[in-house]
Amino acid sequence: MKILMVNKFLYPNGGSETYIFKLGEEFVRLGHKVEYFGMEHIGRIVGNRAESYTGTLDFHTGKLEKLLYPFKIIYSTEARHKIRKVLEDFMPDVVHLNNFNFQLTPSIIYEIRAYDKKRGKKTALIYTAHDYQWICPNHMFRIPAQGELCMRCAEGKYLNCAKYRCIHNSRAKSILGSVEGSIYYLLKTYQKIDKIICPSEFMNRALSRNRILKGNTVTLHNFIDAVPDKSPAEKKDYVLYLGRYAEEKGVRTLAEVCRELPDIPFLFAGSGPLKEELAACPNISEKGFLSGGELTQIIREARFMVFPSEWYENCPFSVMEAQMYGTPVLAADIGGTPELLQNGVTGELFASGNKADLKEKIRILWENKELCQKYAKNCRNITFDTLAEYAKKLIKIYGQELKSC
């Protein structure tokens with residue numbers, strides 16, 4: 001099978017890039033042919049035989065470029081032209097779209113279907129929804145300036161993005177988001193996709209609120225690398241927070257709770273705009289961004305981990321990873337997170353944004369070491385799809401869509 005992976009970035013940049021790189025490697029291991037399409041970049045690590053990529057969009061250029069910028073992020077003739085070269089050279093059976101809005105734009109969907117018409121054979125067109133972009137122009141279901149959770153655009157009412165300045169609190173950028181969402185909703189562009197992969201049931205339900213997308217989704221939780229050592233670790237006396245130091249991650253609320261629990265030591269590993277606020281709390285030990293063995297060790301040795309997010313997380317890897325390493329999780333009951341842990345078995349849930357509930361749950365878990373040990377033991381029995389298992393499921397979906405073409 002020939003598989004073309006499409007993503008705006010073709011260098012290590014975030015979750016969607018890790019996803020396409022690891023999947024691509026596994027597909028090749030299984031005997032399939034894989035190529036990639038996206039933007040050219042000095043750090044690009046994958047590509048295509050045709051050596052065809054789009055340029056990098058840069059708003060900080062000449063006056064003409066700034067004038068054309070709004071049109072380029074809605075529809076890209078360059079992206080259509082460049083992906084056409086790859087399609088004609090590689091002739092893929094499957095095109096798997098990932099993050100492409102604004103940089104590559106949905107114009108590539110029209111080019112793929114035009115290519116199908118030209119050759120008289122349909123390509124299976126798959127999309128993995130890494131965020132809520134198609135039903136929320138700022139992709140977070142959250143009004144940043146107000147900190148309010150919001151689903152006003154989910155059913156196609158994209159003008160709300162401009163009304164509430166949802167993109168960087170900018171009227172101009174939010175208008176562009178409204179225009180982009182409205183155009184492709186009215187044109188029913190996304191109905192040209194054969195199957196939408198949702199990494200959580202929450203994502204599936206959210207996308208299904210939109211009549212253009214309803215009935216075309218399937219849930220497939222993200223994969224996790226196999227954990228080489230699941231033997232119990234000697235737990236140390238600290239509560240762990242792992243991730244970005246940002247308000248939507250619930251870090252400000254957690255920091256306030258930390259200050260009210262001065263007898264409990266907290267360890268924070270990550271980075272972000274709220275870093276200075278953490279420094280003001282004496283019982284928080286801030287370690288910065290960690291990786292590799294050092295990161296694994298602090299996860300394995302934590303009494304438990306807190307995941308206090310205040311937005312609709314999709315399928316957070318850190319929640320999966322902590323349990324795989326035998327560390328219970330106290331997580332906010334929001335988005336796709338509750339699907340990843342067994343409440344009262346491998347961890348517990350608290351009401352997202354509720355400081356009193358979070359404080360009480362932390363205190364109870366900290367003072368009940370036997371309960372944490374029970375949860376930690378239960379974590380060793382939890383399983384998520386490995387990369388190999390996930391890839392096989394995806395290949396099965398590809399095959400089903402090719403049969404229906």
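Side-chain atoms of T189 do not come within 3.5 Å of backbone N or O of Y185 as any donor-acceptor pair. For S182 (side chain) and V179 (main-chain N/O), no donor-acceptor pair under 3.5 Å exists by modelled atom type. In this structure, R303 contributes its side chain and W366 its backbone to a donor-acceptor pair below 3.5 Å. Although no hydrogens or angles enter the test, the distance criterion places no donor-acceptor pair under 3.5 Å between the side chain of Y164 and the main chain of A145. Remark: the backbone N or O of C258 is paired with a side-chain donor or acceptor of N283 at under 3.5 angstrom. The main-chain N or O of T123 is found under 3.5 Å from a side-chain atom of R113 such that the two form a donor-acceptor pair.
Rounding to the nearest 0.5 Å places SG of C379 at 8.5 Å from CD of Q342. We find the CG-SG distance between L207 and C136 to be 11.0 Å, quoted to the nearest 0.5 Å. Atoms CZ and CD, from R363 and E367 in turn, are 4.5 Å apart once rounded to the nearest 0.5 Å. The distance from atom CG of N343 to atom CG of L330, rounded to the nearest 0.5 Å, is 9.5 Å. Taking SG of C150 as the reference point, atom CE of M140 lies at 12.0 Å (rounded to 0.5 Å). With rounding to the nearest 0.5 angstrom, the CG atom of N138 is 10.5 Å from the OG atom of S178.
Here salt bridge (Lys or Arg N to Asp or Glu O under 4.0 Å) pairs that include residues 239-251, with residues two or more places apart or in two chains, are E247-R252, K249-E313.
Within the 4.5 Å cutoff, side-chain heavy atoms of R152 are placed close to those of I143. At least one side-chain heavy atom of I382 sits under 4.5 Å from a side-chain heavy atom of M324. In this structure the side chain of E348 never reaches within 4.5 angstrom of the side chain of I364, judged on heavy atoms.
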Could you check D194 against K122 for side chain to side chain contact (heavy atoms under 4.5 Å, CB included), going step by step and ending with a plain yes or no?
CA-CA 10 Å; D194 294 308; K122 190 178 178 184; 3.1 Å; yes
From CA spacing to verdict: side chain to side chain donor-acceptor pair (under 3.5 Å), Y245, E286
CA-CA 11 Å; Y245 306 155; E286 199 280 307; 2.6 Å; yes
Determine whether K392 and E389 satisfy the following criterion, salt bridge (charged side-chain N to carboxylate O under 4.0 Å, His left out), listing intermediate values before the conclusion.
CA-CA 5 Å; K392 288 177 181 177; E389 291 167 337; over 6 Å; no
What verdict does the side chain to side chain donor-acceptor pair (under 3.5 Å) test give for T54 and K8, after you've listed the backbone C-alpha separation in whole Å, the side-chain angles of each residue and the deciding distance to 0.1 Å?
CA-CA 9 Å; T54 69; K8 55 190 176 184; over 6 Å; no
Residue pair E310, R142: steps toward the salt bridge (charged side-chain N to carboxylate O under 4.0 Å, His left out) verdict
CA-CA 9 Å; E310 294 177 8; R142 191 173 186 270; 5.1 Å; no
Side chain to side chain donor-acceptor pair (under 3.5 Å) between T219 and N204, worked out
CA-CA 6 Å; T219 299; N204 197 329; 2.9 Å; yes
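Look at D357 and K361 and you find a salt bridge, because one of the NZ, NE, NH1 or NH2 atoms lies within 4.0 Å of a carboxylate O, short of that distance. Salt bridge K287/E294: absent, no basic N to carboxylate O contact under 4.0 Å. Salt bridge status for K82 with E78: present, with a side-chain N to carboxylate O gap under 4.0 Å. Comment: D93 does not engage K33 in a salt bridge, judged by the lack of any side-chain N to carboxylate O separation of less than 4.0 angstrom. In summary, K2 and D89 do not engage in a salt bridge, as defined by a charged side-chain N under 4.0 Å from a carboxylate O. E25 and K22 are not joined by a salt bridge, as no carboxylate oxygen comes within less than 4.0 angstrom of a charged side-chain nitrogen.
For the side-chain contact (heavy atoms from CB on, under 4.5 Å) criterion with L97, the lone passing option out of L104, I109, L4, T128 is I109. Across K403, H96, K393, a single residue satisfies side-chain hydrogen bond (donor to acceptor under 3.5 Å, both in side chains) together with Y398, and that is H96. Paired with F37 under the rule side-chain contact (heavy atoms from CB on, under 4.5 Å), one option of L87, I83, N7, V95 passes, and it is I83.
Aromatic ring pairs are classed by plane angle as parallel below 30°, tilted from 30° to 60° and perpendicular above 60°; the pair Y184 and Y110 is tilted. Between Y190 and F100, the ring planes lie perpendicular to each other; the angle is over 60°, past the 30° to 60° tilted range.
Open room surrounds NZ on K374; 12 or fewer heavy atoms of other groups in view lie less than 6.0 Å from it. Heavy-atom neighbours of E51 CD from other residues, nucleotides or ligands within 6.0 Å: above the threshold of 12. Within a 6.0 Å sphere centred on NZ of K195, other residues, nucleotides and ligands contribute more than 12 heavy atoms. Within a 6.0 Å sphere centred on CD of E148, heavy atoms belonging to other residues, nucleotides or ligands number more than 12.
Ring centroids of Y312 and F202 are separated by less than 6.0 Å, placing the two rings close together.
Considering only residues two or more places apart in sequence or on other chains, F268 meets the ring-ring contact (aromatic ring centres under 6.0 Å, His included) condition with Y241. Checked against ring-ring contact (aromatic ring centres under 6.0 Å, His included), Y132 has the following partners two or more places apart in sequence or in another chain: F141.
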